[in-house]
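We use all heavy atoms of the structure for the numbers below, so side chains are in, but hydrogens, waters and symmetry mates are not. Everything numeric in this text was worked out from a predicted model, so none of it was measured.
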Amino acid sequence: MVEIFTALLQQALPYLALAGAAIAGGAFALWRAWRKGKADQAAAQAAEEAKARDIADQVDNDVGALPADKVRQELKTWDK
């Protein structure tokens, strides 16, 4: 009985190893795609935040360039 099991295992071992390598390779490819997507999302978010910061800086500069009475007059027109 043991001899039969050993013989079958010897014949099936290359196929089992190939199946294990394929599963490991597929899992590694999925992990790499996930990491790349995560990095791309972080880069896109950083770009959006930088653009928003630039706009906020421009607004601050524009408001700082106005005289105080003009700023008060402009702020009165804003909705609360």
Does anything in residues 34-45 pair up under salt bridge (Lys or Arg N to Asp or Glu O under 4.0 Å), and if so which pairs, sequence neighbours excluded?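 The answer is Lys36-Asp40.
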
Do Leu16 and Ile23 share a hydrophobic cluster, counting only Ile, Leu, Val, Met, Phe, Trp and Tyr and linking them when any side-chain heavy atoms are less than 4.5 Å apart?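 Leu16 and Ile23: separate clusters.
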
Measuring from atom CG of Asp62 to atom CG of Asp57, what distance do you get when rounded to the nearest 0.5 angstrom?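 Separation between the atoms: 11.0 Å.
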
Less than 4.5 Å apart, any side-chain heavy atom of Gln10 and any of Thr6?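 Contact flag for Gln10/Thr6 side chains = yes.
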
Carefully, step by step, assess Leu75 and Trp78 under the rule side chain to side chain contact (heavy atoms under 4.5 Å, CB included). CA-CA 5 Å; Leu75 288 175; Trp78 289 13; 3.8 Å; yes

Can you name the residues that form a side-chain contact (heavy atoms from CB on, under 4.5 Å) with Tyr15, not counting sequence neighbours?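 Partners of Tyr15 under the side-chain contact (heavy atoms from CB on, under 4.5 Å) test: none.
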
With sequence neighbours excluded, residues passing side-chain hydrogen bond (donor to acceptor under 3.5 Å, both in side chains) with Asp54: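 For Asp54 there are no side-chain hydrogen bond (donor to acceptor under 3.5 Å, both in side chains) partners, ignoring immediate neighbours.
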
Can you tell me if CD1 on Ile4 sees more than 12 non-hydrogen neighbours from other groups inside 6.0 Å?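 No.
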
